[in-house]
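Worksheet for the structure shown next.
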Protein chains: 2
Amino acid sequence: MTLSSQYQVITSPLGDGLHKDGKRLTPQRLKVLNLFENIGAGNHLSAEEVHEKLIKSSSKVSLATIYRTLRLLVQMGLLHELELSEGGHRYELLSNETADHHHLICIRCGRTEEFESDEVLNAGKVAAKVNGFKLIESSLNVRAICPNCI
Amino acid sequence: MTLSSQYQVITSPLGDGLHKDGKRLTPQRLKVLNLFENIGAGNHLSAEEVHEKLIKSSSKVSLATIYRTLRLLVQMGLLHELELSEGGHRYELLSNETADHHHLICIRCGRTEEFESDEVLNAGKVAAKVNGFKLIESSLNVRAICPNCI
DNA sequence: TTATTATTGAGAATATATACCATCTCTTAA
DNA sequence: TTAAGAGATGGTATATATTCTCAATAATAA
């Protein structure tokens with residue numbers, strides 16, 4: 001059994017999603033997704049960090065491919081792109097646990113508190129349904145000034 | 001009466017906010033804020049667009065200063081920084097009218113629908129109050145897949 | 001008015017992300 | 001099983017966005 005034939009046997013959300021679009025399940029794409037699955041939902045990495053971590057685990061993937069793969073995984077709904085205060089975009093695994101995490105952010109110092117809200121979750125569901133969209137995730141960002149910065 | 005003495009007389013939210021922090025009310029900062037006030041809430045500009053518009057109105061302000069000023073105005077809660085699909089950040093005037101605009105975004109094609117929600121607005125208020133934050137604005141981003149991209 | 005110090009302008013430097021293209025590999029069909 | 005076609009990768013060059021540096025300027029407080 002060769003390495004390449006392995007991939008044809010494995011069935012996964014990634015493989016299925018790719019194949020129905022004429023796209024391919026490659027070792028690089030698997031490595032990137034596996035990395036996020038290993039660190040768990042809720043942890044986020046930049047493209048550069050993904051690159052470094054893969055190199056450290058002897059799984060070299062070029063930076064260009066990492067950027068391409070991250071964008072692809074976001075479009076497939078497997079990763080979520082975050083916009084943090086500094087230093088570009090970060091990505092995290094999209095899961096049911098993270099689907100209702102909202103953020104209260106201080107616009108001065110960047111301090112961030114997380115909270116949950118059924119009302120918000122529901123508002124997202126309704127908005128998606130009304131417009132005929134298939135819901136993936138909703139997140140509320142509340143911009144405010146924290147007690148220390150007032 | 002000199003130009004500079006004019007600024008000492010004017011009282012404005014911008015001037016007040018700046019002075020209590022040891023910062024200064026400069027013509028450049030006024031020009032940038034006035035630009036956003038003139039185009040009205042709901043319209044957003046990139047740093048580069050602000051630069052171009054000021055040059056066209058014979059009010060030359062350097063690009064470096066524009067970046068510095070945009071960040072400052074965001075931290076003061078006068079502007080809101082938006083993260084659009086492509087080409088960097090954009091900024092818009094923060095007002096009561098824009099404070100409850102939420103977005104339903106297709107992760108495939110970027111199609112965006114706006115909607116409003118009292119429940120979301122309220123959830124933001126509650127979260128801010130519970131944590132002792134002073135609320136500025138809250139926005140819900142719902143990631144989904146639109147009918148055309150499913 | 002003067003001293004102090006924040007701010008500006010201009011361009012260099014950096015960071016982030018994409019484009020390009022030759023090479024490689026997966027997939028399909030013969 | 002092999003060959004052809006299409007998609008993907010790697011490495012680098014390039015584009016774009018943003019920040020940094022520093023001398024000169026100007027706003028503020030006394």
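Letters go in sequence order (proteins before strands), and every chain restarts at 1. Basis for what follows: all heavy atoms, side chains included, without hydrogens, waters or symmetry-related copies.
- At a threshold of 4.5 Å between side-chain heavy atoms, the hydrophobic network of Ile, Leu, Val, Met, Phe, Trp and Tyr places B/Leu18 and B/Leu79 in one connected group.
- Residue B/Asp21 contributes atom CG, which lies 17 Å from atom P of C/dT5 at whole-angstrom precision.
- Contact between the side-chain N/O atoms of B/Thr65 and the OP1/OP2 oxygens of C/dG9 is found at a separation under 4.0 Å.
- One atom, OH of A/Tyr67, and another, P of D/dT16, lie 16 Å apart when rounded to the nearest Å.
- When rounded to the nearest whole Å, the span between CG of A/Leu72 and P of D/dG7 equals 13 Å.
- At its two ends the helix from C/dT1-D/dA30 to C/dA30-D/dT1 runs along axes set 50° apart, each axis drawn from five pairs and the angle rounded to 10°.
- Taking every side-chain heavy atom of A/Thr26 into account, D/dT9 is the closest of C/dG9, D/dG10, D/dT9.
- B/Met76 is connected to B/Val61 through a chain of hydrophobic side-chain contacts under 4.5 Å among Ile, Leu, Val, Met, Phe, Trp and Tyr, so both are in one cluster.
- A/Ser117 has its side chain within reach of A/His102: a pair of non-hydrogen atoms, C-beta onward, lies under 4.5 Å apart.
- Under the 4.5 Å side-chain heavy-atom criterion for Ile, Leu, Val, Met, Phe, Trp and Tyr, A/Leu104 and B/Ile136 are members of distinct hydrophobic clusters.
- Here D/dT28 presents its C1' atom at 15 Å from CG of B/Asp16, a figure rounded to the nearest Å.
- Residue order along DNA chain D, read from the 5' end via each residue's closest nucleotide, puts A/Ala64 first among A/Ala64 and B/Arg24.
- For A/Arg90 and A/Glu49, the salt-bridge test passes: some basic side-chain N is under 4.0 Å from an acidic carboxylate O.
- When the C1' atom of D/dT18 is taken as reference, atom CZ of B/Arg90 falls 16 Å away, rounded to whole Å.
- Mapping B/Arg29 and B/Lys60 onto DNA chain C by nearest heavy atom places B/Arg29 at the nucleotide closer to the 5' end.
- Which of D/dG10, D/dA8, C/dT7 sits closest to the side chain of A/Ser62 comes down to D/dG10.
- Between B/His51 atom NE2 and D/dA17 atom C1' there is a gap of 14 Å when expressed in whole angstrom units.
- Rounded to a whole Å, the CG atom of B/Leu18 is 15 Å from the C1' atom of C/dT5.
- Contact record, A/Ser138 with B/Leu140: CB-CD1, 4.0 Å, taken as the closest heavy-atom pair.
- Look at B/His19 and you won't find any side-chain N or O under 4.0 angstrom from OP1 or OP2 of D/dA27.
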List, one per line, each side-chain donor-acceptor pair under 3.5 Å for residues 28-40 of chain B, sequence neighbours excluded.
unit_1  : atom_1 : unit_2  : atom_2 : d
B/Arg29 : NH1    : B/Arg24 : O      : 2.6
B/Asn34 : ND2    : B/Leu30 : O      : 3.2
B/Asn38 : ND2    : B/Asn34 : O      : 3.2

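- With rounding to whole Å, A/Leu63 atom CG is found 15 Å from D/dA15 atom C1'.
- One N or O donor and one acceptor, one from the side chain of A/Arg68 and one from the base of D/dG10, sit under 3.5 Å apart.
- Checking the phosphate oxygens (OP1, OP2) of D/dA27, no side-chain nitrogen or oxygen of B/Gln28 falls inside 4.0 Å.
- Linking ILVMFWY residues whenever their side-chain heavy atoms come closer than 4.5 Å, directly or via other members, leaves B/Leu82 and A/Ile105 in distinct clusters.
- Checking the phosphate oxygens (OP1, OP2) of D/dT18, a side-chain nitrogen or oxygen of B/His89 falls inside 4.0 Å.
- Phosphate contact (OP1/OP2 of D/dA17, side-chain N/O of B/Ser46, threshold under 4.0 Å): absent.
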